[in-house]
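Any value given below was found using the heavy atoms of this structure, including those in side chains, with hydrogens, waters and symmetry copies removed. Residue numbers count from 1 along this sequence. Start at 1 and go down the list; that is how both ligands and their atoms are numbered.
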Amino acid sequence: MDKYISELVTLSNKNRRQFLKMAGYGTLGLLTGGFGPLLNQSVAKQISDTISETEFIPDLDISLLSMPGEVGIFPGEPTQVWRYHATVNKGDENKVISLPESYLGPIIKVHKGEKIRVRFTNSIPEESIIHWHGLHVPSIMDGHPRYVVSEGQSYLYEFEIKNRAGTYWYHPHPHGRTGPQVYGGLAGLFLVSDDEEKAIGLPEDEFDVPLVIQDRKFNQDNQLVYTSGNRMEQMTGFLGDWIMVNGEPDFTLPVSTRAYRLRLLNGSNSRIYKLAWKDERPLTIIGTDGGLLEMPVQREYLFLSPGERVEIWADFSDYSVGYETSIESLPFEVGGMGGGMMGRGMMMGGRNGQNQNLPNGAGFSIFKVKIIKYEKKYQSLPQNLSEIRPIPEDEAVNFYRPKQFYLTMRRMQWSINGRIFQMEEVADQEIVQIGTKEIWEFNNTGGGMMNMPHPIHLHGQQFRVIERSGVMHGGYVDEGWKDTVLLMPGERVKILVDFGDYPGLFLYHCHNLEHEDMGMMRNYFVTGSNNNQLNNST
Ligand code: C2O
Ligand code: CU
């Protein structure tokens, strides 16, 4: 039987004040239009009290605007996009890196422990809100769709960076419109550094390269084309025939003969990449969603599904100037309707050609790497990258009875356990006690002909993948801390989550953005209050 948040909130009313304090610096968002239904007038009063009580002194204070704009992607007509634009009000301007040639939002760089304030103003002609994908922030700072603001309105974010060093990102999260807004250009990287990472001395600055991979479709006038809204296309998810890297088609990365850190984000709506080096050397993986691994691992190829990040150590020191290689996406079978007829698509003339079709699972080149400069700088790959706090599985309160989440489809509707998203609804199963650890099992075995891959993302917490079964593919990188995990058809994945410190409502959903928009998303509610004020840094 389903319960509703309003009941939960009434129940935990006595904890509310503490909740607000906890959410802490965070409460400001509510003053500026992001007024959630969880909060009534008297609470608003409490919030203003809380604000005067807390002293949030940001290390970085920026204004972030979502707005219509245009970029020159192809010769001829500029492409109309939506983009984030930042201005730094306080703090180091070099920490916010705008990409003037790209529709992508600025890269925001912060150090663990820093406090940041983002004054978000929505200037696109529909509701929006920003989610900080992978960041561990209080519920009201997390960009839940109930906090959307309309055109001209603002939402104020204030939070402390509790995450480990890693490659995180931000994007809109209004219910039903995340797909088109991300597609329109609203997304950016959020890079966190920490002392542990600094100490091992990885390649930095120009040798630390962010690479955001996305697919897009353009018409003959260079304008973006999204799905028609037809149910079948939504069921599959949007697939474009141009592979963009950092917002550019036909991307080439010029490099020197030395080691690089490549940070890859799959920022696509629904396309999955099976990454490999063209020259067949193995990929050396040093990090995943929640930062550096304990030690590097190698794969011949790896899957990167929407929302996931992976960090690669790429050493070009034994190559000669002029050599060219590339990162490819190898062909793979996804089964069912997701592109079962594996195509060997070619990226030619996508704009003008007809009948362009690059199904999920098609093979193609993603970007080229060209050695352009000799540099004698040998840097060896550190064998100990970071410390990963172990969580014994039997510490989970449901160690013997993992919660089951079936990825389900009924009458052309993707859902989780047969339920679709309702703004404030949580089922019994979706309530967790603060300060506990739980095992959740996602199960993608039920779909028959309609089977599709689903990348499952949890807000609020990084988790550990503790088991994957029914596996038909290699190439998973389940190591380290994760916030998004891919389930191919037939697979089951168990994750271990520590619901350590932040109470409130958070989301989990399929990160195929068309699936998410049609409701393959649910809330979970962390109940109770946080008594230990330990900084639970994952
Ligand atoms: Cu990257 Cu709920 O999303
Ligand atoms: Cu899905």
Side-chain angles (χ1 to χ4, degrees), residues 105 128-137 139 141-148 166-179 181-183 186-190 212 214 233-239 265-272 289-290 304-309 334-339 360 405-410 412-417 419-421 423 442-447 450-463 482-489 491 493 505-524:
S128 195
I129 191 71
I130 300 177
H131 167 56
W132 313 97
H133 182 127
L135 290 189
H136 180 56
V137 295
S139 168
M141 295 294 112
D142 191 55
H144 190 282
R146 74 193 189 282
Y147 295 135
V148 288
T167 306
Y168 307 93
W169 64 302
Y170 60 97
H171 61 76
H173 222 296
H175 181 46
R177 296 290 297 167
T178 297
Q181 290 189 12
V182 171
Y183 186 72
L186 296 174
L189 285 167
F190 195 103
V212 179
Q214 296 173 309
E233 282 181 31
Q234 257 205 315
M235 289 295 292
T236 311
F238 170 86
L239 293 167
L265 158 67
N266 183 350
S268 311
N269 284 39
S270 83
R271 185 177 292 283
I272 296 164
D289 300 340
L304 195 66
S305 65
E308 285 187 298
R309 289 85 68 206
V334 295
M337 58 176 287
N360 222 348
F405 296 88
Y406 289 86
L407 309 179
T408 40
M409 203 272 309
R410 220 177 28 196
M412 300 290 276
Q413 169 65 58
W414 290 111
S415 56
I416 300 175
N417 279 343
R419 299 185 181 100
I420 61 168
F421 183 67
M423 197 57 86
F442 292 95
N443 191 320
N444 190 17
T445 62
M450 296 298 252
N451 251 350
M452 270 200 71
H454 301 284
I456 298 296
H457 171 49
L458 187 79
H459 284 217
Q461 302 291 344
Q462 295 283 328
F463 55 78
K482 294 285 293 168
D483 56 54
T484 307
V485 61
L486 172 62
L487 285 97
M488 286 290 196
E491 294 183 343
V493 166
L505 200 62
F506 293 92
L507 299 166
Y508 66 102
H509 61 85
C510 179
H511 217 288
N512 176 319
L513 298 183
E514 286 68 41
H515 293 184
E516 171 183 341
D517 280 346
M518 77 162 76
M520 196 180 189
M521 172 159 83
R522 293 287 302 172
N523 289 305
Y524 72 90

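- Of all protein N/O/S atoms, those under 2.8 Å from atom 1 (Cu) of ligand 1 are H133 ND1, H171 NE2, H511 NE2, and waters are not counted.
- Rounded to the nearest 0.5 Å, atoms OG1 (T408) and NE2 (H454) are 8.5 Å apart.
- When you scan the N, O or S atoms of H454 for the one nearest the Cu ion (ligand 2), you land on ND1.
- One distance of note links CG of N360 with CD1 of I272; it measures 5.0 Å at 0.5 Å rounding.
- Screening N451, N417, I456 for a side-chain contact (heavy atoms from CB on, under 4.5 Å) with L407, the sole residue that qualifies is I456.
- The structure places CG of L505 at 7.5 Å from OH of Y147, a figure rounded to the nearest 0.5 Å.
- The shortest heavy-atom contact between H509 and H459 is NE2-NE2, 3.3 Å.
- Between atom 2 (Cu) of ligand 1 and the N, O or S atoms of H509, the shortest distance is to NE2.
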For H457 and W169: C-alpha separation, side-chain torsions, deciding distance, then whether ring pair (Phe, Tyr, Trp, His ring centres under 6.0 Å) applies.
CA-CA 13 Å; H457 171 49; W169 64 302; 8.5 Å; no
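- Within H515, ND1 is the N, O or S atom that lies nearest to the Cu ion (ligand 2).
- Distance check, rounded to the nearest 0.5 Å: CE of M423 to NE2 of H175 gives 6.5 Å.
- For atom 2 (Cu) of ligand 1, the nearest N, O or S atom contributed by H459 is named NE2.
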Quick one, D142 with H173, criterion side chain to side chain donor-acceptor pair (under 3.5 Å). Give me CA distance, side-chain angles, the key distance, then yes/no.
CA-CA 10 Å; D142 191 55; H173 222 296; over 6 Å; no
